[in-house]
Amino acid sequence: MPAAATTTDEVPRSRFAQMTSTRRQVVVLSFFILFFAIDVALLGLISQQLHKYGNTWTNYPNGMYYHALGLGLFSVIFGLLFAIFHWAAAHKVYLFMFLALGVFFGTVAGILYATPFGHGLKCGNPVSSFPSQYQPFVGQCSRITAIEGLSWALFGLSVIGFFATIADKFEFRSKRDYVYAPYAKPTKGEKIPEGAEHV
């Protein structure tokens, strides 16, 4: 009778074990756990602002501020769905999602950075030092700064994810070290691909 097969080469049975069977997979899973955690924190902060001040732009310092919060809410929900279901998506979907989320979160962070609460260094200043339309919101300065900071963090993770996906999907090979590299005469017996450049 043949000997029983060893169990060391068995394919992991559970879906989770299959997703964590290599170091690369563990890194990807850890990346999305971090992305998910920051995304949920940002969802809570943006939702609090929108619940507190309502869904009318006149309740906010200006329309751009209000629409930045709206775009942020859309982006975190979009990112949350991606983080939850990333295991079922292909590389092409990853590239689209990371690119879109990078643009969205970068826009939110950029708009909020342009407000008086942008870098958080003015949060302790007297109310009278802020422009009149922002004075009723001075108490929210630290929250807006947190929203901006987390948006920058998700922007950064989206950019990292985008280029990491490109590196994981495509293979790049070096053809030459210098732009003006001299012509190299093929060695005897070497086949030259049709249409290949020799410059």
Side-chain angles (χ1 to χ4, degrees), residues 6-43 46 68 71-114 118-119 146-199:
T6 58
T7 58
T8 55
D9 295 332
E10 285 184 4
V11 176
R13 292 183 182 178
S14 71
R15 180 71 178 168
F16 181 77
Q18 290 175 10
M19 289 173 61
T20 57
S21 59
T22 67
R23 183 177 297 164
R24 176 186 151 278
Q25 291 172 328
V26 171
V27 169
V28 171
L29 184 61
S30 301
F31 175 90
F32 277 102
I33 289 172
L34 176 63
F35 192 97
F36 177 84
I38 296 173
D39 199 78
V40 169
L42 186 56
L43 175 61
I46 291 175
L71 177 61
L73 182 64
F74 170 78
S75 302
V76 292
I77 293 171
F78 195 51
L80 197 62
L81 292 173
F82 178 45
I84 292 170
F85 297 108
H86 76 275
W87 55 271
H91 279 102
K92 291 176 184 176
V93 176
Y94 275 48
L95 290 172
F96 169 76
M97 294 296 286
F98 281 132
L99 181 63
L101 290 170
V103 170
F104 294 158
F105 286 122
T107 302
V108 172
I111 291 171
L112 294 180
Y113 180 77
H119 39 70
I147 290 171
E148 182 208 337
L150 293 176
S151 296
W152 280 127
L154 288 171
F155 166 76
L157 287 176
S158 297
V159 171
I160 291 169
F162 181 77
F163 286 108
T165 303
I166 288 175
D168 192 48
K169 169 75 174 165
F170 301 102
E171 180 182 351
F172 297 96
R173 291 183 299 145
S174 175
K175 295 193 293 185
R176 58 184 62 85
D177 290 330
Y178 304 100
V179 173
Y180 293 103
Y183 170 75
K185 189 174 182 180
T187 59
K188 191 171 185 179
E190 182 183 355
K191 290 187 177 179
I192 302 170
E194 191 173 327
E197 289 186 38
H198 299 291
V199 291

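What you see below is based on every heavy atom in this structure, not just the backbone, and it leaves out hydrogens, waters and symmetry mates.
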Just how far is it from atom [atom1] of [X] to atom [atom2] of [Y], taken to the nearest 0.5 Å?
X      : Y      : atom1 : atom2 : answer
Phe85  : Met97  : CZ    : CE    : 11.0 Å
Phe155 : Leu150 : CZ    : CG    : 15.0 Å
Leu34  : Leu29  : CG    : CG    : 11.5 Å

If you take all heavy atoms of [X] and [Y], which pair is closest and at what distance?
X      : Y      : result
Ser75  : Phe104 : OG-CB, 3.1 Å
Ala100 : Phe78  : CB-CE2, 4.1 Å
Ala68  : Val108 : O-CG2, 3.6 Å
Asp39  : Gly79  : OD2-C, 4.0 Å

| side-chain contact (heavy atoms from CB on, under 4.5 Å) between Phe163 and Phe98: does it pass, once the steps are laid out? | CA-CA 9 Å; Phe163 286 108; Phe98 281 132; over 6 Å; no
| said: Over 60° means perpendicular and under 30° means parallel, so tell me whether His91 and Tyr94 are parallel, tilted or perpendicular. | reply: tilted
| task | Anything under 30° is parallel, anything over 60° is perpendicular, the rest tilted; go ahead and classify Phe35 against Phe32. | result |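 Phe35 and Phe32: tilted rings.
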| message | So Ile166 and Phe172, do their side chains get closer than 4.5 Å, heavy atoms only? | response |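 Yes. Closest side-chain heavy atoms under 4.5 Å.
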| request: Check whether any side-chain heavy atom of Leu42 sits under 4.5 Å from a side-chain heavy atom of Phe105, and report yes or no. | output: yes
